[in-house]
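Structure first, then comments.
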Amino acid sequence: MIPRKDWSVSAVTAGFLAVLISYSGPLIIFFQAAQSAGVAPDMISSWVWAVSIGAALSGIFLSVALKVPVVTAWSAPGTALLVTLFPGLSLNEAVGAYITSAAILFAIGISGSFDRLLKHVPKGIAAGMMAGILFQFGVQAFKAAGAMPVLGFGMIAAYVILKRLTPRYCMILVLLVGVALASLLGKADLGHVQLGLATPVFIRPEWSWSATLSLALPLVLVSITGQFLPGMAILRSSGYATPARPIIAVTAITSVAVAFFGGITIVIAAITAALCTGRDAHEDPARRYVAGVSNGLFYLIGGACGATIVSLFAVLPPAFVAVLAGLALIGAITANIMGAINEADHREASIITFLATASGMSFLGLGSAFWGTIIGLVAYLVLHREWQVRSPGENP
């Protein structure tokens, strides 16, 4: 039971915005994957139901149990893999691959190996990586404003004014201002939103070596490097020393359950987690876990109304979501840039990490979050690590 004093408008708003951004961003990739697979609308609705319910239950359970704002979601880079594999891969093989990847992630989680890995990542490197990931969303907000100036600059002006007048309720009011502007400009006809409930569709799993090698193993790799690594880093940079073991274990178990209904691997969120772990969610870090719970509750609503979610984002202009996401993440961007700069003993390596991650580079199928961390760690070892040099006659 959550004490009444722990609830706050700012935490609930943070949870809502995290769901909103997830549905408007990574969910679009989900639709692309569904279209490439040629699945029916009822199957798409089942997919949305599965990932939403999975993210909801795991996020609520972990947030309450750990008293930490744990925001979970589905693997966005993993979903992007599906776009390249469908229609050559059947839905049944995909489900089998989801279950295989979840089993591997569970083994990694309970072994504690991921926690040991995180201990070797300096704070400035982790902050630089998160700043680089989030920086792209901040920049995109102003690019979108240039493409749709009345809507974009109207939302930006509202943010600046409301942040000064009522910082706690700023983002929910900016959201309302954006919806009103989009409607007045004729860019969002809310009358076309169709109300409808999602119906889960069971999919029988099939296992094949091709699905395991082409989907299951890459899904494990991108989930670890693209989701768990930055997601745990942002929890650590926000002052939460929560181990990764229970988070990976719970999300892996949840992934098995939702896989039978088309849901791809459930993981800790990275981008949207930044909305729920900072001061904008609540001044008191001990009460921010409510943002994780609220996020899960809104996912429950979204999962039940999967068909409605699909139609809602069909009528909202992309610029609205881009500007809203960028503005909502300003606090997290600031905190992580300061975290990278303030680590004076390895500041240059942290900035290298930030630049490499912000570049959006991709190499060998791995994204900039992974390579930014690797390049930053190499720079840290070369530039900042003290090496013990022995004299010529000294015994090793």
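Bear in mind the structure is a predicted one, so any value in this text is a computation, not a measurement.
Hydrophobic clustering (ILVMFWY, side-chain heavy atoms < 4.5 Å, transitive): I253 and V51 are in distinct clusters. Under the 4.5 Å side-chain heavy-atom criterion for ILVMFWY residues, a single connected hydrophobic cluster contains both M43 and I264. By the rule that hydrophobic residues join a cluster once side-chain heavy atoms approach within less than 4.5 Å of another member, M155 and L162 end up as members of one cluster. Under the 4.5 Å side-chain heavy-atom criterion for ILVMFWY residues, no single connected hydrophobic cluster contains both V71 and I234. Tracing side-chain contacts under 4.5 Å through hydrophobic residues (I, L, V, M, F, W, Y), one never reaches I161 starting from L175; they form parts of separate clusters.
Contact annotation: the side chain of T166 approaches that of L173 to within less than 4.5 Å [non-hydrogen atoms, C-beta and beyond]. Counting heavy atoms from C-beta outward, Y299 and I53 have side chains that stay 4.5 Å or more apart. At a threshold of 4.5 Å between non-hydrogen side-chain atoms, the residues V12 and L297 do not count as touching. Side-chain contact check for S294 versus W7: some heavy-atom pair is nearer than 4.5 Å. Residues Y98 and L215 meet the side-chain proximity criterion, which asks for heavy atoms closer than 4.5 Å. Residues M232 and I247 form a side-chain contact, since some pair of their non-hydrogen atoms from C-beta on lies under 4.5 Å apart. A 4.5 Å side-chain heavy-atom check between V64 and V293 finds at least one atom pair inside the cut-off. Looking only at side-chain heavy atoms (C-beta outward), I330 and K163 stay at 4.5 Å or farther from each other.
Here the straight-line distance linking atom CD1 of I110 with atom CD1 of I248 works out to 11.0 Å at 0.5 Å rounding. The CG atom of L105 lies 7.0 Å from the OG atom of S255; values are rounded to the nearest 0.5 Å. Note that the NE2 atom of H282 and the OG atom of S8 stand 4.0 Å from one another [nearest 0.5 Å]. Rounding to the nearest 0.5 Å gives a distance of 10.5 Å between CD1 of I125 and CD1 of I374. In this structure, the separation between CG on L66 and CG on L235 is 9.5 Å, given to the nearest 0.5 Å. Rounded to the nearest 0.5 angstrom, K5 NZ and D284 CG are separated by 8.0 Å.
Using a 3.5 Å distance cut-off with no hydrogens or angles, the side chains of S58 and T72 do pair a donor with an acceptor. Checking W207 against T100 by side-chain atom types alone, a donor-acceptor pair falls below 3.5 Å.
Taking each heavy atom of A158 and V174 in turn, the nearest pair found is C-CG2, 4.2 Å. A141 approaches G326 most closely through the heavy-atom pair CB-CA, 3.7 Å. Closest non-hydrogen pair, A259 versus I99, comes out as CB-CG1, 3.9 Å. Of all heavy-atom pairs between G262 and A50, the closest is C-CB, 4.5 Å. Counting all heavy atoms, side chain and backbone alike, A144 lies closest to V323 at CB-CG2, 4.0 Å. Scanning both residues, V201 and S46, for their nearest heavy atoms gives N-OG, 2.9 Å.
Listed for the Q227 side chain is no donor-acceptor partner under 3.5 Å among the backbone atoms of V267. No donor-acceptor pair under 3.5 Å is formed between the side chain of D6 and the backbone N or O of I2. At distances below 3.5 Å, at least one donor-acceptor pair connects side-chain atoms of E93 with backbone N or O atoms of S90. Without hydrogens or angle criteria, S111 side chain to I108 main chain gives a donor-acceptor distance under 3.5 Å.
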| task | Go through the steps to decide whether F142 and I156 satisfy the test side-chain contact (heavy atoms from CB on, under 4.5 Å), and finish with yes or no. | result | CA-CA 9 Å; F142 293 91; I156 293 170; 3.6 Å; yes
| task | Take S223 and T265 through the side chain to side chain donor-acceptor pair (under 3.5 Å) test and state the conclusion after the steps. | result | CA-CA 8 Å; S223 295; T265 307; 4.9 Å; no
| query | Between F16 and N295, does a side-chain contact (heavy atoms from CB on, under 4.5 Å) hold up when you go through it step by step? | reply | CA-CA 6 Å; F16 173 74; N295 179 262; over 6 Å; no
| request: For the pair E283 and S10, evaluate side-chain contact (heavy atoms from CB on, under 4.5 Å) and give the outcome as yes or no after the intermediate values. | output: CA-CA 9 Å; E283 290 291 333; S10 57; over 6 Å; no
| message | Show, in sequence, the C-alpha distance, side-chain angles and deciding distance for T353 and T357, and conclude whether the side-chain contact (heavy atoms from CB on, under 4.5 Å) test is met. | response | CA-CA 6 Å; T353 304; T357 306; 4.1 Å; yes
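For residues 248-279, the set of pairs meeting the ring pair (Phe, Tyr, Trp, His ring centres under 6.0 Å) definition, not counting sequence neighbours, comprises W49-F261, F202-F260. For residues 238-251, the set of pairs meeting the side chain to side chain donor-acceptor pair (under 3.5 Å) definition, not counting sequence neighbours, comprises S238-T277. Screening residues 321-362 for ring pair (Phe, Tyr, Trp, His ring centres under 6.0 Å) gives F135-F354, H346-Y380 as the qualifying pairs, with residues at least two apart or on separate chains.
The local environment of CZ in R347 is crowded, with over 12 non-hydrogen atoms from other residues, nucleotides or ligands closer than 6.0 Å.
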